[in-house]
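For the single chain, residues carry numbers from 1 onward in sequence order. Keep in mind that this is a model prediction, so the values were computed, not measured.
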Amino acid sequence: MAASTHAHVTAQRALDELLDCPPALLDTTFDQLRTLITVYETGSALRAARALGREQSSVQKQLNTLNRNCQALCGEVLTIRQGRGKDFLFTETGRPRSGWPAAP
């Protein structure tokens with residue numbers, strides 16, 4: 001098999017595997033992930049909204065969507081809202097892996 005044909009078959013298999021994953025995972029955007037990281041780094045939706053130049057409600061909606069999708073995919077949410085004016089708690093699933101700085 002020619003190298004270009006092999007590369008095409010390999011790429012097609014990778015695409016097939018990706019498209020075979022749960023739709024909720026495919027619906028996750030880089031913007032949502034950036035929002036999640038900013039909330040982790042700042043501790044709250046309000047501070048994240050200020051850092052991102054958005055409304056707090058926009059940040060909260062993205063976190064709610066991510067939590068719903070994660071709940072459907074793996075049975076656990078990423079964050080737990082503690083109430084007005086309080087920082088978010090991150091579940092084990094929602095915490096970044098090693099090498100990431102600790103949340104404030």
Would you please name every residue forming a side-chain contact (heavy atoms from CB on, under 4.5 Å) with R50, sequence neighbours left out?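 Counting only residues at least two positions away or on another chain, R50 forms a side-chain contact (heavy atoms from CB on, under 4.5 Å) with L46.
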
How far apart are the closest heavy atoms of S58 and R54, and which atoms are they?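 Where S58 meets R54 most closely, the heavy atoms are OG-CD, 3.8 Å.
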
Reported [atom1]-to-[atom2] distance for the pair [X] and [Y], which is rounded to 0.5 angstrom:
| X | Y | atom1 | atom2 | value |
| --- | --- | --- | --- | --- |
| L36 | F30 | CG | CZ | 13.5 Å |
| Q32 | L78 | CD | CG | 10.5 Å |
| Q60 | T79 | CD | OG1 | 7.5 Å |
| Q62 | R34 | CD | CZ | 8.5 Å |

More than 12 heavy atoms of other residues, nucleotides or ligands under 6.0 Å from CD of E76: yes or no?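 For E76, atom CD is crowded (more than 12 foreign heavy atoms under 6.0 Å).
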
Test side-chain contact (heavy atoms from CB on, under 4.5 Å) on C70 and T93; report intermediate values, then the result. CA-CA 9 Å; C70 189; T93 302; 3.8 Å; yes

Remaining members of V77's ILVMFWY cluster at a side-chain heavy-atom cut-off under 4.5 Å?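 Under the 4.5 Å side-chain rule, V77 groups with I80, L89.
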
With side-chain contact (heavy atoms from CB on, under 4.5 Å) as the test, would you mind laying out the steps for T29 and L33 before giving the verdict? CA-CA 6 Å; T29 66; L33 296 175; over 6 Å; no

Looking only at atom types and distance, does a side-chain atom of T42 sit under 3.5 Å from a main-chain N or O of T38, one as donor and one as acceptor? yes

